[in-house]
Amino acid sequence: DAPSLAVVGVTGAVGQEFLSVLSDRNFPYSSIKMLASKRSAGKRLTFEDKDYVIEELTPDSFDGVDIALFSAGGSISKEFGPIAVERGSVVVDNSSAFRMDEKVPLVIPEVNPDAMAHIKLGLGKGALIANPNCSTIICLMAATPLHRHAKVTRMVVSTYQAASGAGAAAMEELELQTREVLEGKQPTCKIFKQQYAFNLFSHNAPVLSNGYNEEEMKLVKETMKIWNDLDVKVTATCIRVPVMRAHAESVNLQFEKPLDEDTARDILKNAPGVVVIDDRASNHFPTPLEVSNKDDVAVGRIRRDVSQDGNHGLDIFVCGDQIRKGAALNAIQIAEMLL
Ligand code: 2RA
């Protein structure tokens with residue numbers, strides 16, 4: 001019979017997208033708990049023509065819950081993820097809290113489904129599965145089909161990341177600043193402390209001692225874990241750009257054996273969850289607006305890397321919806337694998 005669900009962080013951008021995706025995909029459920037902080041407890045929401053009261057997240061919230069979808073930040077996942085597992089729930093966690101824990105599968109269903117093959121519902125014991133970071137998901141949805149064909153030895157990623165990755169408030173501030181700047185007013189800078197509208201800046205994640213920021217090191221480390229390949233060389237530069245909800249990424253790939261652009265294009269055309277938009281004649285390639293609110297990741301600018309000998313290098317350009325495939329859709333596809 002259908003599982004009982006809980007959505008932790010239901011009022012956030014990803015929490016709301018969880019509900020949209022559950023509904024769009026007719027995900028079966030016997031019951032669903034809407035969980036959030038004390039601040040939101042008591043508020044009402046309607047989901048699939050039924051009224052719900054948002055409940056405050058407590059340890060008891062997970063009694064009788066089969067699948068708990070988390071997207072309420074790393075500290076909430078760290079505190080309540082293990083409690084939910086203890087109460088018998090399978091947790092799909094969108095935060096970074098457990099992604100690099102070797103006991104926790106880090107899963108993109110189209111890429112490495114086997115990593116969670118040992119986790120089932122109804123065994124009377126819980127488990128935790130981590131959803132990768134959005135920029136990792138979007139990059140690997142395109143890079144993995146090529147990697148499977150010709151083994152990537154080095155990947156260089158430059159990301160152009162949307163406001164949504166910093167939450168609903170960041171999206172609101174981008175819109176507000178855009179209006180203010182156009183009206184000749186001083187932009188309101190509360191979220192990023194600098195002007196975002198008509199500007200771009202290095203990703204707001206903390207910068208580490210090696211000069212990389214946390215977002216860039218997520219791409220490096222999560223790729224190695226998801227590909228189960230500690231030898232692949234990855235470097236990244238993550239930039240925040242004034243776009244609402246879809247990330248764009250320029251990806252340079254070097255391969256162990258030759259892979260020409262036509263073969264690469266065919267591979268990508270047949271890759272699950274990927275659409276190729278690669279029309280040189282009309283200069284039509286993926287854009288954030290074109291992938292927003294959609295499930296598929298779009299790939300284009302597929303071309304031989306002219307700085308490499310032969311066909312051992314490719315450049316591609318990828319766009320994907322950060323809230324959907326970058327977070328909520330991927331998490332629910334993981335949950336679907338439990339059914
Ligand atoms: C960002 N990857 O875009 C983060 C969101 N999880 O800032």
Side-chain angles (χ1 to χ4, degrees), residues 7-18 21 69-78 81 92-100 104 106-108 129-143 157-174 190-194 196 199-208 212-223 225-226 234-251 288 291-293 297 318-334:
V7 175
V8 179
V10 72
T11 57
V14 175
Q16 289 291 297
E17 196 73 18
F18 278 146
V21 174
L69 301 166
F70 272 65
S71 192
S75 52
I76 293 291
S77 291
K78 278 204 181 88
V92 184
D93 180 18
N94 185 49
S95 85
S96 57
F98 299 100
R99 286 182 187 146
M100 298 318 292
V104 173
L106 182 64
V107 178
I108 304 171
I129 302 163
N131 208 39
N133 193 37
C134 46
S135 37
T136 306
I137 294 172
I138 291 161
C139 178
L140 296 192
M141 279 294 288
V157 189
S158 299
T159 73
Y160 312 91
Q161 299 188 217
S164 57
M171 298 169 82
E172 287 155 19
E173 185 161 290
L174 174 56
K190 289 203 181 88
I191 307 276
F192 294 120
K193 311 289 173 249
Q194 61 190 327
Y196 188 6
N199 195 13
L200 59 82
F201 44 84
S202 182
H203 192 283
N204 46 286
V207 183
L208 304 164
Y212 282 69
N213 60 48
E214 287 179 357
E215 191 77 357
E216 290 154 353
M217 291 313 294
K218 285 175 187 174
L219 246 166
V220 174
K221 292 182 177 170
E222 292 176 23
T223 298
K225 179 168 177 179
I226 291 165
V234 181
T235 188
T237 301
C238 294
I239 302 295
R240 186 73 73 189
V241 298
V243 165
M244 274 302 170
R245 63 171 286 160
H247 288 345
E249 305 189 21
S250 167
V251 185
V291 299
S292 291
N293 295 293
V297 163
V318 196
C319 288
D321 186 299
Q322 182 272 331
I323 307 177
R324 209 162 170 96
K325 183 54 187 172
L329 171 63
N330 198 76
I332 285 159
Q333 287 171 313
I334 288 172

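In listed order, ligands and their atoms are each counted from 1.
- The protein atom (non-hydrogen) at minimum distance from atom 3 (O) of ligand 1 is Gln161 NE2, 3.0 Å.
- No donor-acceptor pair closer than 3.5 Å links the side chain of Asn330 to the backbone N or O of Ile108.
- Electrostatic pairing of Arg245 and Glu17 counts as a salt bridge here, judged by a charged N lying under 4.0 Å from a carboxylate O.
- In terms of modelled atom types and a separation under 3.5 Å, the side chain of Lys193 and the main chain of Lys190 share a donor-acceptor contact.
- An N or O contact shorter than 3.5 Å is missing between Ser135 and ligand 1 by distance.
- In summary, the atoms of ligand 1 found under 4.0 Å from a heavy atom of Cys134, numbered by their order in the structure, are 2 (N), 3 (O), 4 (C), 5 (C), 6 (N).
- Side-chain contact check for Ser250 and Tyr160: no donor-acceptor pair (N or O, by modelled atom type) lies under 3.5 Å.
- Ionic pairing of Arg99 and Glu222 is present here: one or more N-O contacts between side-chain nitrogen and carboxylate oxygen are shorter than 4.0 angstrom.
- Residue contacts with ligand 1: Gly165 is placed with a nitrogen or oxygen under 3.5 Å of a nitrogen or oxygen of the ligand (distance criterion only).
- Of the possible polar contacts, none joining the Asn293 side chain to the Asp321 backbone as a donor-acceptor pair under 3.5 Å is found.
- In summary, the atoms of ligand 1 found under 4.0 Å from a heavy atom of Asn133, numbered by their order in the structure, are 2 (N), 4 (C), 6 (N).
- The N/O atoms of His203, backbone and side chain alike, include one that comes under 3.5 Å of an N/O atom in ligand 1.
- Taking a cut-off of under 4.0 Å to the non-hydrogen atoms of Glu215, the atoms of ligand 1 that pass are 1 (C), 2 (N), 3 (O), 4 (C).
- For atom 7 (O) of ligand 1, the choice among His247, Gln322, Arg240 with the nearest heavy atom turns out to be Arg240.
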